[in-house]
4 protein chains.
Amino acid sequence: MRKIVIGIMGPGAGATETNLQNAHQLGELIAQQNWVLLTGGRNSGVMEAASQGAKKANGFVIGILPTTDPNSVSPAVDIAIFTDMGNARNNINILSSDVVVACGMGAGTASEVGLALKANKNVILLNTGEESKLFFQSLSKDYVFLANSPQDVIHLIHKIITNESF
Amino acid sequence: MRKIVIGIMGPGAGATETNLQNAHQLGELIAQQNWVLLTGGRNSGVMEAASQGAKKANGFVIGILPTTDPNSVSPAVDIAIFTDMGNARNNINILSSDVVVACGMGAGTASEVGLALKANKNVILLNTGEESKLFFQSLSKDYVFLANSPQDVIHLIHKIITNESF
Amino acid sequence: MRKIVIGIMGPGAGATETNLQNAHQLGELIAQQNWVLLTGGRNSGVMEAASQGAKKANGFVIGILPTTDPNSVSPAVDIAIFTDMGNARNNINILSSDVVVACGMGAGTASEVGLALKANKNVILLNTGEESKLFFQSLSKDYVFLANSPQDVIHLIHKIITNESF
Amino acid sequence: MRKIVIGIMGPGAGATETNLQNAHQLGELIAQQNWVLLTGGRNSGVMEAASQGAKKANGFVIGILPTTDPNSVSPAVDIAIFTDMGNARNNINILSSDVVVACGMGAGTASEVGLALKANKNVILLNTGEESKLFFQSLSKDYVFLANSPQDVIHLIHKIITNESF
């Protein structure tokens with residue numbers, strides 16, 4: 001039976017210390033719910049931190065890579081999907097996630113939130129700046145959720161997937 | 001020799017009357033500079049208005065379609081590129097444009113601006129809301145330009161492509 | 001640590017009874033080696049048979065879907081990757097597989113073998129027709145292997161991944 | 001109004017002298033019919049030869065590139081579509097061509113013919129080897145055509161597009 005997949009999106013090189021701590025804790029909490037963690041797969045920033053967090057809790061991690069380079073993959077990824085399609089793979093990230101969490105913000109993450117809203121996916125923004133909140137809420141009233149902590153995110157995901165009766 | 005390609009991005013069904021008027025005029029002005037117009041190719045909203053504007057001035061229009069459906073193509077498109085990859089084609093739109101213009105805003109357009117900034121493409125925002133400006137300027141100081149009219153956009157494009165000495 | 005992923009490619013609606021039996025047995029054998037099975041994900045033909053075989057042996061199945069339709073997914077798939085990019089997803093199938101097995105032949109499978117050889121992936125042809133063998137061997141001497149049974153395939157995969165010292 | 005687009009596919013580095021001569025002449029003949037030439041866009045092999053042939057006859061050339069590298073583009077390309085999706089762009093090549101011509105054969109070209117047949121596109125094989133003919137004719141009786149010269153190809157295209165009443 002298909003597993004529930006939670007996607008964590010966020011900056012690579014541009015991640016802040018808070019982004020990394022949140023991502024690590026989120027990865028751990030997601031694994032504890034027996035959900036699969038999906039990330040952009042690289043050994044960098046939010047992707048790496050979330051994957052390591054999930055792995056710490058014996059979770060399962062799937063990484064959707066932009067290239068074919070095995071050396072770019074986080075060592076905490078269980079299955080690497082090599083797309084070789086650069087940032088066009090961002091659309092696969094969000095289409096394959098039952099819920100999308102943005103943990104920090106940057107140009108790539110912004111594209112993922114945009115693509116997620118375009119596909120009517122629920123998106124949770126965790127501790128993103130005021131500009132992000134105002135902007136994405138102006139795009140969608142129904143699919144944008146705000147969270148202040150990794151625990152908040154988990155509560156929101158439970159509500160969302162219960163409503164959608166997965 | 002390769003032609004200069006200007007991409008106009010903007011809402012389909014959700015376009016406002018102002019978006020449509022701007023897009024039509026922009027298409028016309030772009031054609032008058034002998035630049036190629038690139039859009040998402042559909043017969044809807046900003047894509048259709050810009051294509052019709054370019055066609056009115058005997059311009060050349062290339063449309064990057066999300067599906068394989070010939071009936072979805074704007075009649076003003078000269079060459080239709082059928083990607084069959086949904087909104088992942090947004091990345092092709094921006095990578096193939098020398099300068100990207102956002103004429104109006106929505107989830108799909110937001111993803112295109114995000115992808116453009118990720119690829120270090122120059123993006124001009126035309127009459128988008130305050131939230132868009134603040135958000136995208138928070139993502140990039142160097143690649144986001146603001147314009148108040150189609151004529152402004154043309155002036156900015158000239159500056160940008162002169163600096164990059166195409 | 002990254003798991004070994006074996007991709008089984010083959011016809012959907014056009015699969016023969018022999019293709020289906022081979023795919024089912026292959027899925028089972030792959031699961032017994034603790035390899036992950038990767039398929040095109042749909043509930044049809046070789047994809048469905050291989051996934052059911054792997055599931056019977058408590059294996060892990062990842063499906064790379066051409067659409068976003070959850071109803072098209074094989075019930076034996078554990079994680080569905082929704083690409084929404086039609087047959088362009090065939091390239092992801094082969095790039096994400098450590099070894100590619102063609103179980104039967106058709107236009108889609110032919111494209112996958114072509115893409116695999118282009119990417120220097122090892123491809124095993126199982127009971128494909130004489131024309132397939134001659135054609136693909138004319139394209140590549142080094143990366144095309146022939147097998148007469150699912151057991152043969154497993155032996156070949158062991159040889160290949162030992163040589164490449166995964 | 002949408003222009004007729006003819007796609008020429010064929011090897012890059014692996015092209016033979018005959019492939020190159022055929023491609024050059026084909027490009028020229030296609031331009032003389034006022035059809036748009038579509039290729040994989042690179043400055044190599046059949047792509048380059050066909051593009052130069054079309055340019056010699058003042059034709060219009062569109063190139064669908066696998067990368068974002070402007071230095072990889074044939075100088076005879078008028079509009080470069082940068083996909084950054086590697087060989088997954090092969091699917092765009094064939095979906096965007098009204099008729100597909102394979103001028104020579106290799107792994108990448110084989111994938112394009114497979115994808116074309118999967119999409120029910122008409123494919124003309126020009127002077128490909130016996131193995132190619134037998135293989136692709138075994139995949140499809142209705143969509144595979146054989147030609148012995150560039151002139152033959154042009155005659156076949158006229159027949160095909162007349163039947164489909166473009």
Side-chain angles (χ1 to χ4, degrees), chain C residues 9-16 40 42 44-45 64 66-67 81 83-96 100 102 104-123 125 128-144, chain D residues 9-16 40 42 44-45 64 66-67 81 83-96 100 102 104-123 125 128-144:
Chain C
M9 312 294 145
T16 66
R42 291 196 297 116
S44 167
I64 312 288
T67 69
I81 303 298
T83 68
D84 197 25
M85 53 194 279
N87 291 306
R89 72 86 151 79
N90 292 1
N91 201 43
I92 300 179
N93 293 357
I94 63 91
L95 292 175
S96 305
V100 172
M105 190 50 63
T109 309
S111 76
E112 284 162 325
V113 176
L115 290 164
L117 297 177
K118 183 76 180 173
N120 289 341
K121 286 276 173 183
N122 292 291
V123 179
L125 304 178
T128 59
E130 206 56 34
E131 298 95 341
S132 307
K133 292 181 196 172
L134 290 172
F135 175 61
F136 288 115
Q137 287 186 316
S138 79
L139 292 184
S140 168
K141 283 187 206 315
D142 295 338
Y143 292 97
V144 176
Chain D
M9 314 293 145
T16 66
R42 292 196 295 116
S44 167
I64 313 287
T67 69
I81 303 297
T83 68
D84 198 25
M85 52 193 281
N87 291 306
R89 74 82 153 81
N90 292 1
N91 200 44
I92 299 178
N93 293 356
I94 62 91
L95 292 176
S96 305
V100 172
M105 190 50 62
T109 309
S111 76
E112 283 163 324
V113 177
L115 289 164
L117 297 178
K118 182 77 179 173
N120 290 339
K121 286 276 175 186
N122 293 291
V123 178
L125 304 179
T128 60
E130 206 56 36
E131 299 95 340
S132 306
K133 292 181 195 171
L134 291 171
F135 175 61
F136 287 116
Q137 288 186 314
S138 79
L139 291 184
S140 168
K141 284 186 206 313
D142 295 338
Y143 292 97
V144 176

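Just so we're on the same page: letters track the sequence lines, and every chain starts at 1. What you see below is based on every heavy atom in this structure, not just the backbone, and it leaves out hydrogens, waters and symmetry mates.
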- Please tell me if the side chains of D/Leu115 and C/Asn90 come closer than 4.5 Å, counting only heavy atoms from C-beta onward. yes

- What class does the angle between the rings of C/Phe136 and D/Phe135 fall in, given that below 30° is parallel, 30 to 60° is tilted and above 60° is perpendicular? perpendicular

- Task: Could you tell me which portion of C/Ser138 (side chain, backbone, both or neither) has an atom closer than 4.5 angstrom to a non-hydrogen atom of chain D?
- Result: side chain

- Query: Counting heavy-atom pairs under 4.5 Å to chain D, which of C/Thr109, C/Leu95, C/Leu139 comes out on top?
  - Reply: C/Leu139

- Query: For the candidates D/Ile92, D/Asn87, D/Leu134, D/Leu117, which exhibits the highest count of non-hydrogen atom pairs separated by less than 4.5 Å from chain C?
  - Reply: D/Asn87

- Query: Can you name the closest pair of heavy atoms from D/Gly114 and C/Ser111 and give their distance?
  - Reply: C-CB, 4.1 Å

- Task: Mark yes when over 12 heavy atoms from residues, nucleotides or ligands other than C/Lys121 sit less than 6.0 Å from its NZ; otherwise mark no.
- Result: yes

